[in-house]
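Note sheet for the following structure.
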Amino acid sequence: MELDLQQIPREKTLTKEAFLRKYFRPQKPVVIENFIEDWPAYSKWNLGYMKKVAGDKTVPLYDNRPVKHDEGFNEPHAKMKMGDYIDLLRSEPTKYRIFLWNVLKEVPELQKDFSYPDFGLRLMKGLPMLFFGGRDSYTFMHYDIDLANIFHFHFEGKKECILFPQSETKYLYKIPHSLIVREDIDFHDPNLEKWPALQNARGHIAHLEHGQVLYIPEGYWHYMRYVTPGFSMSLRAIARKPKNLGRALYNIFFMRHFDNMMRRFKGQAWIDWKNDQALIKTHRALGIS
């Protein structure tokens with residue numbers, strides 16, 4: 001058996017009015033195929049260009065190792081010069097990814113290569129973030145701490161994106177006091193005998209190529225796998241639904257601090273307990289023994 005995933009709708013292009021009516025208000029994802037051809041980034045941005053303009057920058061790297069109690073929130077696993085990292089991406093598969101790399105802070109000149117599109121939402125202009133990955137590297141299934149509306153612009157290569165709305169959380173083996181699910185679930189090829197609740201989850205899938213834009217609605221779970229080496233940029237707008245905005249404030253000002261405190265107090269036992277609870281609570285709620 002496979003996950004129950006519907007192809008995300010694709011639009012050649014989309015006006016602001018159509019986007020708001022068809023996707024934002026009903027909170028549905030969409031891929032826009034032809035939207036940024038007028039950006040200089042569309043023709044300029046590739047791994048070679050990034051090496052040229054940012055090769056001497058030291059970048060934080062993340063891999064797919066399980067969360068450990070002595071690691072802080074979003075703490076990198078390694079650091080490397082961008083030029084060396086891009087050489088690594090091109091030469092061999094690697095699990096190392098760049099996560100939440102702020103364009104404005106690190107390489108301000110890159111801002112000249114793109115503009116902030118008018119989707120009818122107020123984008124956070126201080127937070128254009130870049131994400132890089134090598135072939136078959138991936139992010140764990142997670143949702144963003146601020147439950148933002150995300151516009152994910154992909155450059156070079158191909159990327160697989162699997163999404164679930166928050167309504168499917170009960171099937172995903174969510175880790176308590178966190179933004180992720182069990183890290184030992186391979187959403188690209190899940191073992192549904194080991195994780196039977198996933199058979200009930202209804203999600204979405206899309207494959208992105210250069211220049212395409214994925215809209216991820218507020219609080220959607222997302223798993224990203226780099227089919228080939230490449231990178232993406234995300235622009236975001238704050239959650240508009242009061243419930244999601246309230247959850248975002250809770251995550252930022254309480255949840256992450258509580259989790260870090262418990263890691264310091266209980267150590268690895270806290271992480272192990274949370275993993276056990278994800279399995280127990282999911283199966284108990286669905287009557288699975």
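Model, not experiment: these values are computed from the prediction.
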Under 6.0 Å between the ring centres of [X] and [Y]?
X	Y	value
His154	His210	no
His188	Tyr138	no
Phe153	Phe131	no
Tyr173	Trp195	yes
Tyr62	Tyr96	no

Looking only at side chains, do [X] and [Y] share a donor and an acceptor under 3.5 Å apart?
X	Y	answer
Asp113	Trp45	yes
Ser232	Lys159	yes
Gln268	Arg263	no
Gln6	Arg202	no
Gln27	Tyr215	yes

Hey, are Arg97 and Asp63 close enough for a salt bridge, meaning a charged N less than 4.0 Å from a carboxylate O? no
Between Glu11 and Lys22, does any NZ, NE, NH1 or NH2 come within less than 4.0 Å of an OD or OE carboxylate oxygen? yes
Applying the 4.5 Å side-chain criterion to the ILVMFWY set and letting contacts propagate, would Val59 and Leu130 be lumped into a single cluster? yes
Sequence neighbours excluded, the answer for side-chain hydrogen bond (donor to acceptor under 3.5 Å, both in side chains) partners of Trp270 is Asp259
